[in-house]
Number of protein chains: 2
Amino acid sequence: MNPLDATQHLARDFQTVEPCATCGSRIAGLCHKLDASALDDIAAESQSFHLAAKSTLFREGDPAGRAFSIIDGVVKLSRLLPDGKQQVVGFRFPGDVLGYGAGKTYPFDAETLTNGHFCRIERSRLDALLRLYPQMERRMLDLCLRELSNTQDQLVTVGRRSAEARVASFLLGLVEAYRQRGPLPAELPLPMTRSDIGDFLGLTLETVSRSFAAFKRQKLIAEPGQHRLRILNMDALLCLTEGESSQM
Amino acid sequence: MNPLDATQHLARDFQTVEPCATCGSRIAGLCHKLDASALDDIAAESQSFHLAAKSTLFREGDPAGRAFSIIDGVVKLSRLLPDGKQQVVGFRFPGDVLGYGAGKTYPFDAETLTNGHFCRIERSRLDALLRLYPQMERRMLDLCLRELSNTQDQLVTVGRRSAEARVASFLLGLVEAYRQRGPLPAELPLPMTRSDIGDFLGLTLETVSRSFAAFKRQKLIAEPGQHRLRILNMDALLCLTEGESSQM
DNA sequence: CGGGCTTTTGATATCCTTCAACTGTTGTGG
DNA sequence: CCACAACAGTTGAAGGATATCAAAAGCCCG
């Protein structure tokens, strides 16, 4: 139980305030509300490690031998299409689990957008732990259901919304991701590039840039510095999301 | 254990040949490989029922009090946007579980496209069963992981592919769904309308119609009758999916 | 047979992409 | 410390893929 403090800025009190035995994180990942013996087992089976920004956690097609839990940092999950285009499947934040899927290989690349702190565990060990601790398996199911729900939301956004509505939707999703993980700071980190956002939303980076510019002109958002975002008019963004042009 | 025979056309031997104790289905839904006592419990807690085509199983926003398993039939899951547009989140087939999600309300409408045969169970009972039978919870997790993977694939399709590539991708997905559920017949049922398909792919019904017309002209597919589909050139469809224009 | 869907097909409109040039930022080595 | 290269972002102009609008034909059910 060695508490680490690398997680303090983002990781306040997401569902639990007990630091995780594995890594000291106060974020409720897989280990949410486990009893002491389960936590000991996980601690024994998993390793904590750091990674610089723009590192690769794993690549699409690699044998899916390990699962990862994000203690701190932001990760981009993306798939490369034969024609070179990229689709970002999602962004992952502290508390999220990566690399535990249906197939035998990872279905996408996982790349850090920031410096990060992670936990890794062999998949076979994790499977054994899930069998051993039904509470943990239940937690995994809940994480999976939540992720499924988010992905379905994203499908609606990409499939049926205009460019500006998609960008607004992305911004609100970002706010929500941070809110779930602690008190919302006035300035949010925005570690992804216009290109990342575009690939997430099914848009080009230019279109994303134009939408950001439009939102700034309307004083809906501000970027006080590189990779820093300030939401000025949440309601207007919400309106945009719902299809109406913003008149607030 | 009353074997029903309503499932014979689609429901051949999807992962198991043992008919489900609950409903007689030979499709591996939730009850896949459960022991006798678990099956007895499920049978006691769940009810089987029929529904005509174009019926509503549940609506977006309804309290999510029950989960459903499809024994036979095809179901459309869709979300309605404020501006009246519809996004189809997915189509579900025999063996799939519906209505078991993260939230307290259903996140989408579920509507039958064909006559159907279903199993229903109170959510609280199902949760209790999942706690009681870890094998069943594991099965639920696997179903959820597979669904997540499919939804992520769909995100790539909608986000980054051209209209024809999306339609080709839908057709291949349909083939795959049927293949997983039994020997593939030469003629597949196509119970969804152009509009349903468009709402699934983020296209208008006209664009879907034009893509179908193009594929027929190129002899990639045929429609021998209403709601009947024949795949003539799978490889060319696969090619289209990957971005190249079909030259085969 | 008639009314309501579904589908097809054509003509036009539009939103977003593409292409291009330029600016701003960051990190690196001389 | 500055010069420079690489990368990220901005903005404009033009073109294209798909949406929208419209009309007609086909199909199903009462």
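Just the heavy atoms: all of them, side chains too, but no hydrogens, waters or symmetry mates, feed the values below. Convention: sequence-line order gives letters A, B, ...; per-chain numbering from 1.
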With sequence neighbours left out, what residues match B:R194 under salt bridge (charged side-chain N to carboxylate O under 4.0 Å, His left out)?
-> B:E223
Verify, without hydrogens or angle tests, whether B:T193 (side chain) and B:D196 (backbone) share a donor-acceptor contact under 3.5 angstrom.
-> yes
From CG of B:D199 across to P of D:dT18 the rounded distance in Å is 17 Å
Once base and sugar-phosphate atoms are separated, protein heavy atoms under 4.0 Å mark nucleotides 5-12 of chain D, 5' to 3', with B, S and - as ---SSBBB
Can A:R120 be said to sit on top of A:F49's aromatic six-ring, NZ or CZ under 6.0 Å from centre and within 45° of the ring axis?
-> yes
Distance-only side-chain donor-acceptor flag, B:Q87 / B:R79, under 3.5 Å = no
Ring centres of A:Y100 and A:F68 under 6.0 Å apart?
-> no
Side chain to side chain, A:Q218 and A:N233, heavy atoms closer than 4.5 Å = no
With a 3.5 Å cut-off and no angle check, do the side chains of B:Q86 and B:S78 form a donor-acceptor pair?
-> yes
Hey, does B:G202 reach any base, or is it just sugar-phosphate, or nothing, if we go heavy atoms under 4.0 Å?
-> sugar-phosphate
Where at least one partner belongs to residues 202-234 of chain B, residue pairs that pass ring pair (Phe, Tyr, Trp, His ring centres under 6.0 Å), sequence neighbours excluded = none
Please report, rounded to the nearest Å, how far the C1' atom of D:dT18 is from the CG atom of B:L201.
-> 13 Å
Considering residues at least two apart in sequence or located in another chain, which fulfil the salt bridge (charged side-chain N to carboxylate O under 4.0 Å, His left out) criterion with A:R210?
-> none
NA contact type, A:G198, heavy-atom cut-off 4.0 Å: base, sugar-phosphate, or nothing?
-> nothing
Quick one, which residues of residues 163-174 of chain A touch DNA chain D with a heavy atom under 4.0 Å?
-> none
For side-chain hydrogen bond (donor to acceptor under 3.5 Å, both in side chains), just list the numbers for A:S169 and A:T241, CA-CA rounded to whole Å, side-chain angles, deciding distance to a tenth of an Å, and then say yes or no.
-> CA-CA 6 Å; A:S169 181; A:T241 274; 4.6 Å; no
Outermost DNA chain C nucleotides near chain A [under 4.0 Å, heavy atoms] | C:dC16 to C:dT26
